[in-house]
Amino acid sequence: MMGDLSRLAFLNARVSLYAARLQPVDSLLSYIDSEHELPEDYLESTGLSGMADRQPGSAGELEQHLMTCLADEAEGLMHAMPPETRGIIRQWMRRFEFMNLKSLIRCKLTSCNLDLSREYLLDIGHFARLPLDEYLHSEDIVEFLRLLSADDASLARKIRLYVEDPEQLFLLEAAMDYHFYEGLLASCEPLSAEERDGTRRFIGRIIDTINLAWLLRYRITYGIHPPHTFFMLARTGLSLGPGRLAQLAKLDDFESMRAALPADYRDSLEGVNSVADAEMHMRATNLEQARKLLRHEQFHLVRALAYLYLRERQLLDVHQLLKGKLLGFEPTLIREALVGEEA
């Protein structure tokens, strides 16, 4: 234990420092109806002081500013970690590179011009691993996949399975998500047994809720057949193993699926009767779990992941508020995006 205290002391202190920036979504609600920008004291307290002099004037500028904030903090956490453990933060942040890839694929399939394609991409700083600018200049989706194959052959193969059918693009995105979470779990392997167990539990819980969201969409919303649904799931969650997922994939109504879940997931969805509400409830459960880890798991790598999970949610809330105001949305729509219909 003393070894962990000394080895992770710097990281523990940095996570605690960053955690002071976290604010509940309620702290934003009073600004929904305001004609003024977010006040300087709020921006300072939430680590967004760079927006105090001039808040972003476009949705793209806003997204990039918040992405830069998250990337800078992730890099700060990574540098506070022992070198052999830093790969998990690199992989955690790779999800944003996958978001860029998804945007590029859509642009290639719809023949977006170069300038418009570039607008869809976020600069993720040192966490970028793929030569997106090279992909951006590829002539078409065929050349794009050829270039990607040289950098990540496994991912390119998965994309190629679905990219030829525009109606199957949501399955393409699911395949890319599967690839990402496989990599995230693999990045836990170099960790010590205790660290690996804690981080895999947290990641496994996230995978469980994502699988549940996919199950509800694929079976209820899209009516995809059970075998195909099962194939698209990440079968490496915490409580929802391959056997349970196969059972759930055979069901085609919400209540039957809820009844077949482990008790904690089943109870958390009590009274929920829509896919959208289910996703909101599952996200709230994961956020509460991350808060518990942040409070109680001192001197453990999982605190860094819990912080990034909570920070991303907070920045997304800021994004929804400011983007809604930039685009002139009604306050009721902004409020619904932040806290749901019941607020």
Side-chain angles (χ1 to χ4, degrees), residues 25 92 95 170-186 188 196-297 302 305-306 308-310 312-313 316 336-343:
V25 66
W92 181 274
R95 186 165 61 84
F170 67 94
L171 294 178
L172 164 62
E173 296 200 6
M176 294 178 69
D177 290 344
Y178 186 127
H179 189 84
F180 164 74
Y181 284 108
E182 278 186 325
L184 188 57
L185 286 172
C188 296
R196 184 168 60 249
D197 184 53
T199 51
R200 285 182 70 93
R201 278 200 308 271
F202 181 54
I203 293 168
R205 188 175 186 90
I206 294 172
I207 293 173
D208 278 350
T209 56
I210 289 171
N211 277 333
L212 279 175
W214 286 344
L215 276 163
L216 293 171
R217 289 181 201 157
Y218 297 163
R219 294 293 291 130
I220 298 174
T221 305
Y222 302 127
I224 296 175
H225 295 305
H228 202 170
T229 294
F230 178 73
F231 176 74
M232 295 305 301
L233 302 175
R235 297 175 290 278
T236 48
L238 178 65
S239 301
L240 302 181
R244 179 89 67 166
L245 291 175
Q247 177 190 3
L248 290 166
K250 295 175 183 177
L251 306 175
D252 59 3
D253 68 272
F254 184 88
E255 189 53 38
S256 296
M257 283 191 184
R258 194 189 74 80
L261 292 172
D264 55 340
Y265 292 126
R266 184 173 64 247
D267 294 345
S268 71
L269 296 179
E270 181 72 39
V272 174
N273 52 23
S274 75
V275 174
D277 284 347
E279 291 188 30
M280 183 168 286
H281 275 70
M282 290 186 291
R283 182 175 68 230
T285 300
N286 278 351
L287 290 170
E288 183 54 35
Q289 178 66 19
R291 293 186 192 101
K292 289 179 180 178
L293 291 173
L294 198 59
R295 287 194 300 267
H296 302 303
E297 288 289 347
V302 76
L305 297 186
L308 287 175
Y309 187 80
L310 292 166
E312 182 184 342
R313 184 66 235 176
L316 182 57
E336 183 179 327
L338 290 174
V339 293
E341 294 181 2
E342 296 179 1

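Along the sequence shown, the residues carry numbers beginning at 1.
- Atom NZ of Lys250 is separated from atom OG of Ser256 by 14.0 Å, given to the nearest 0.5 angstrom.
- Between the CG atom of Leu185 and the CD1 atom of Ile203 there is a distance of 5.5 Å, given to the nearest 0.5 Å.
- Distance check: Asp208 CG to Arg201 CZ gives 13.0 Å after rounding to the nearest 0.5 Å.
- Within the 3.5 Å criterion, the main-chain N or O of Phe230 finds a donor-acceptor partner in the side chain of Arg235.
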Stepwise side chain to side chain contact (heavy atoms under 4.5 Å, CB included) check, Met282 with Leu269: CA-CA 8 Å; Met282 290 186 291; Leu269 296 179; 4.1 Å; yes

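- The number of heavy atoms from other shown groups lying within 6.0 Å of CZ (Phe254) is above 12.
- Looking at Arg219, its side chain does come within 3.5 Å of a backbone N or O of Leu251 through a donor-acceptor pair.
- In this structure, the side-chain contact (heavy atoms from CB on, under 4.5 Å) partners of Thr285, at least two apart in sequence or on a different chain, are Arg205, Ser268.
- Checked by atom type and distance alone, the side chain of Arg266 never pairs as donor or acceptor with a backbone atom of Arg258 at under 3.5 Å.
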Any chance you could lay out the side chain to side chain contact (heavy atoms under 4.5 Å, CB included) test for Leu233 and Leu240, step after step, and finish with the verdict? CA-CA 10 Å; Leu233 302 175; Leu240 302 181; over 6 Å; no

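- Here the CG-CG distance, from Leu215 to Leu261, works out to 8.5 Å after rounding to the nearest 0.5 Å.
- Atom NE2 of His225 sits in a sparse spot, with 12 or fewer heavy atoms from other residues, nucleotides or ligands closer than 6.0 Å.
- With rounding to the nearest 0.5 angstrom, the CD1 atom of Ile220 is 5.0 Å from the CE atom of Met257.
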Given the rule in the side chain to side chain contact (heavy atoms under 4.5 Å, CB included) test, do Tyr222 and Arg217 qualify, once you have shown the distances and angles that lead to the verdict? CA-CA 6 Å; Tyr222 302 127; Arg217 289 181 201 157; 4.0 Å; yes

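- The shortest side-chain heavy-atom distance between Leu293 and Tyr309 does not fall under the 4.5 Å cut-off.
- No donor-acceptor pair closer than 3.5 Å links the side chain of Arg196 to the backbone N or O of Cys188.
- When every heavy atom of Leu294 is checked against every heavy atom of Leu310, the shortest pair comes out as CD2-CD1, 3.8 Å.
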Run the side chain to side chain contact (heavy atoms under 4.5 Å, CB included) test on Arg283 and Thr209 for me, step by step, so that the C-alpha distance in whole Å, both residues' side-chain angles and the decisive distance to 0.1 Å come before the verdict. CA-CA 8 Å; Arg283 182 175 68 230; Thr209 56; over 6 Å; no

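- Smallest separation of non-hydrogen atoms from Ala278 and Val272: N-CG1, 3.4 Å.
- Rounded to the nearest 0.5 angstrom, His281 NE2 and Leu212 CG are separated by 13.5 Å.
- Between Leu245 and Ala234 the shortest heavy-atom distance is CD1-O, 4.1 Å.
- The backbone N or O of Gly223 sits nowhere less than 3.5 Å from a side-chain atom of Asp252 that would complete a donor-acceptor pair.
- Ring geometry for Trp214 against Tyr218 counts as parallel: the plane angle stays under 30°, on a 0 to 90° scale with 60° as the upper cut.
- For the residue pair Gly198 and Val302, the shortest heavy atom distance occurs at O-CG2, 3.7 Å.
- The existence of a salt bridge linking Glu288 and Arg313 is excluded, since no basic side-chain nitrogen approaches an acidic carboxylate oxygen closer than 4.0 Å.
- The aromatic rings of Phe202 and Trp92 sit parallel to each other, their planes meeting at less than 30°, with 60° as the upper class boundary.
- Every residue was checked against the side chain to side chain donor-acceptor pair (under 3.5 Å) condition with Ser239, not counting sequence neighbours, and none meets it.
- Residues Leu248 and Ala260 come closest through the heavy atom pair CD2-CB, 3.7 Å.
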